[in-house]
Enquirer: 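Structure incoming, see below.
When a ligand or atom number is given, it counts from 1 through the structure's own listing order.
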Amino acid sequence: MLDLFNSPVTSAFLFFPFLQKDWGRWSPWGHFLSQRQAIDELIYAEISDRRANPDPNRTDILSLLMSATDEQGEGMRDQELRDELMTLLTAGHETTASAMAWALYWIHHTPEVKDKLIEELNTLSPHAGGMDIFRLPYLTAVCNETLRLSPSAMLTFTRVAQEKVEVAGYTFEPEDMIMGCMYLTHLREDLYSNPEQFNPQRFIDRQYTPYEFIPFGGGSRRCVGEALAQFEMKLVIATIVSQYHLKLADTQPETQQRRGVTLSPARGVKMMLEGKRQPQPVRELQLSKQ
Ligand code: HEM
């Protein structure tokens with residue numbers, strides 16, 4: 001379904017609603033609608049199967065959503081469940097997967113970063129919980145630097161001027177469409193010195209404002225999945241890096257490729273597993289500003 005948005009031409013369907021016309025199955029938008037219909041059928045079949053055979057021991061996201069109730073004790077309707085799952089699949093899956101692939105790439109491409117990250121992960125007690133991992137400063141800096149240099153989304157959604165407005169010296173008329181571009185903002189030399197360099201230390205040395213660091217967009221339509229995405233990213237990266245010796249399979253630098261609305265690693269960051277890492281004794285770590 002998302003493949004429609006891979007080509008620069010057809011990706012315009014996503015941003016310009018007036019192109020979204022159903023001219024039949026063989027037209028791009030018609031094809032999209034029929035793919036979406038097929039996915040809807042799969043999702044609704046899964047929901048009805050779960051309703052017919054409830055299993056309280058299941059902990060997957062659909063089961064959790066189905067067991068959730070509001071203040072009146074009402075559960076979610078089938079369409080609400082379908083919408084939640086579609087959001088997770090289309091907005092939440094590829095974006096976070098790409099971000100994690102880029103993080104693994106940059107960590108293994110920059111040995112000094114990997115060493116420092118492992119040093120920090122070794123400070124975790126064996127009983128550390130998810131929030132202990134989430135709060136690790138260097139891991140946070142590594143994830144932020146990944147989202148800066150390789151932002152999964154390169155553009156915000158479109159904003160439409162409601163009235164004449166001036167932004168940074170440009171005048172926008174009513175109905176003009178504006179998008180923020182994280183790709184360009186994150187490479188601005190006046191904000192990030194040596195912007196092409198992967199350097200997590202910059203996030204330890206400086207606090208960036210929500211106008212300077214915008215991987216999740218901004219304002220009231222900022223990404224609603226930000227907290228979940230960051231939590232997932234940190235837990236997965238910490239688990240993989242602390243438990244396994246990995247090596248990049250390819251010595252060539254990875255390049256960015258647009259896939260749908262995300263920027264993904266063109267060759268998919270192939271890695272080799274070299275073995276399991278031995279658990280290290282817990283140690284103190286001090287991170288200082290440079
Ligand atoms: C690294 C992972 C992710 C990145 C980089 C990302 C990035 C973005 C960006 C740039 C926007 C547009 C914000 C704007 O226009 O200002 C957005 C919107 C959105 N994202 Fe994410 N996202 C990620 C993960 C997720 C996850 C995990 C979910 C859901 C579970 C999610 C759900 C959404 C939704 C529903 C919107 C639309 C919000 C609205 O229009 O009000 N995203 N995301």
Enquirer: Got more than 12 heavy atoms from elsewhere within 6.0 Å of CD, E274?
Expert: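 Check passes, neighbour count above 12.
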Enquirer: Please work out which of G219, A227, S152, P215 has its closest non-hydrogen atom nearest to atom 7 (C) of ligand 1.
Expert: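 Residue with the shortest heavy-atom distance to the ligand atom: P215.
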Enquirer: For D115, which residues count as a side chain to side chain contact (heavy atoms under 4.5 Å, CB included) partner, sequence neighbours excluded?
Expert: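 Scan of D115 (side chain to side chain contact (heavy atoms under 4.5 Å, CB included), adjacent residues dropped) gives none.
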Enquirer: Tell me which one of R159, H93, R222 gets a heavy atom nearest to atom 15 (O) of ligand 1.
Expert: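 It is R159 that holds the nearest heavy atom.
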Enquirer: How long is the span from the CG atom in D40 to the CD atom in Q35, to the nearest 0.5 Å?
Expert: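 The CD atom of Q35 is 11.5 Å from CG of D40, to the nearest 0.5 Å.
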Enquirer: Is there side-chain contact between T69 and M76, with heavy atoms separated by less than 4.5 Å?
Expert: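 They are not in contact (no side-chain heavy atoms under 4.5 Å apart), so the answer is no.
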Enquirer: What are the protein N/O/S atoms, named by residue and atom, that sit under 2.8 Å from atom 21 (Fe) of ligand 1?
Expert: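 Result, waters dropped: C223 SG.
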Enquirer: Enumerate the atoms of ligand 1 whose separation from the nearest heavy atom of G218 is less than 4.0 angstrom.
Expert: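 Matching atoms, with element in brackets: 16 (O).
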Enquirer: Around Q197, counting heavy atoms of other residues, nucleotides and ligands shown, do more than 12 lie under 6.0 Å from its CD?
Expert: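 Enclosed.
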Enquirer: May I ask you to test the F231-M233 pair for a side-chain heavy-atom distance under 4.5 Å?
Expert: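 No, every pair of side-chain atoms sits at 4.5 Å or beyond.
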Enquirer: For T87, which part has a heavy atom under 4.0 Å from ligand 1: side chain, backbone, both, or neither?
Expert: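 The answer is the side chain.
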Enquirer: At under 4.0 Å between heavy atoms, is it the side chain or the backbone of L228 that contacts ligand 1, or both, or neither?
Expert: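 Side chain only.
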Enquirer: Measure the distance from atom 12 (C) of ligand 1 to every protein heavy atom, then report the residue, atom name and distance (to 0.1 Å) of the closest one.
Expert: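 Of the protein heavy atoms, F157 CD1, 3.7 Å lies nearest.
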Enquirer: What is the nearest protein non-hydrogen atom to atom 10 (C) of ligand 1, stated with its residue, atom name and distance?
Expert: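 So the nearest neighbour among protein heavy atoms is M182 CE, 3.3 Å.
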Enquirer: What are the atoms of ligand 1, with element, lying closer than 4.0 Å to any heavy atom of T156?
Expert: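 Per the distance check, 14 (C), 15 (O), 16 (O).
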Enquirer: Please list the nearest protein heavy atom to atom 30 (C) of ligand 1 with its residue and the distance rounded to 0.1 Å.
Expert: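 It is L88 CD2, 3.4 Å.
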Enquirer: With F198, which of W106, W102, Y192 fulfils ring pair (Phe, Tyr, Trp, His ring centres under 6.0 Å)?
Expert: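 So, applying the ring pair (Phe, Tyr, Trp, His ring centres under 6.0 Å) to F198 and each of W106, W102, Y192, only W106 qualifies.
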Enquirer: So which heavy atom in the protein is nearest atom 38 (C) of ligand 1, and how far is it from that ligand atom?
Expert: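 Its nearest protein heavy-atom neighbour is R221 O, 3.9 Å.
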Enquirer: Are more than 12 heavy atoms, taken from residues, nucleotides or ligands other than Q207, located less than 6.0 Å from that residue's CD atom?
Expert: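 Counting other residues, nucleotides and ligands, CD of Q207 stays at 12 neighbours or fewer.
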Enquirer: Does atom OH (Y208) have a neighbourhood of more than 12 heavy atoms from anything else shown, all under 6.0 Å?
Expert: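 Above 12, so yes.
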Enquirer: Just wondering, are more than 12 heavy atoms of other shown residues or ligands nearer than 6.0 Å to CD in E166?
Expert: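 Result for CD/E166: enclosed.
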Enquirer: Please check if any side-chain donor atom of K234 sits under 3.5 Å from a side-chain acceptor atom of T140, or the reverse.
Expert: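 K234 vs T140: donor-acceptor pair found between side chains.
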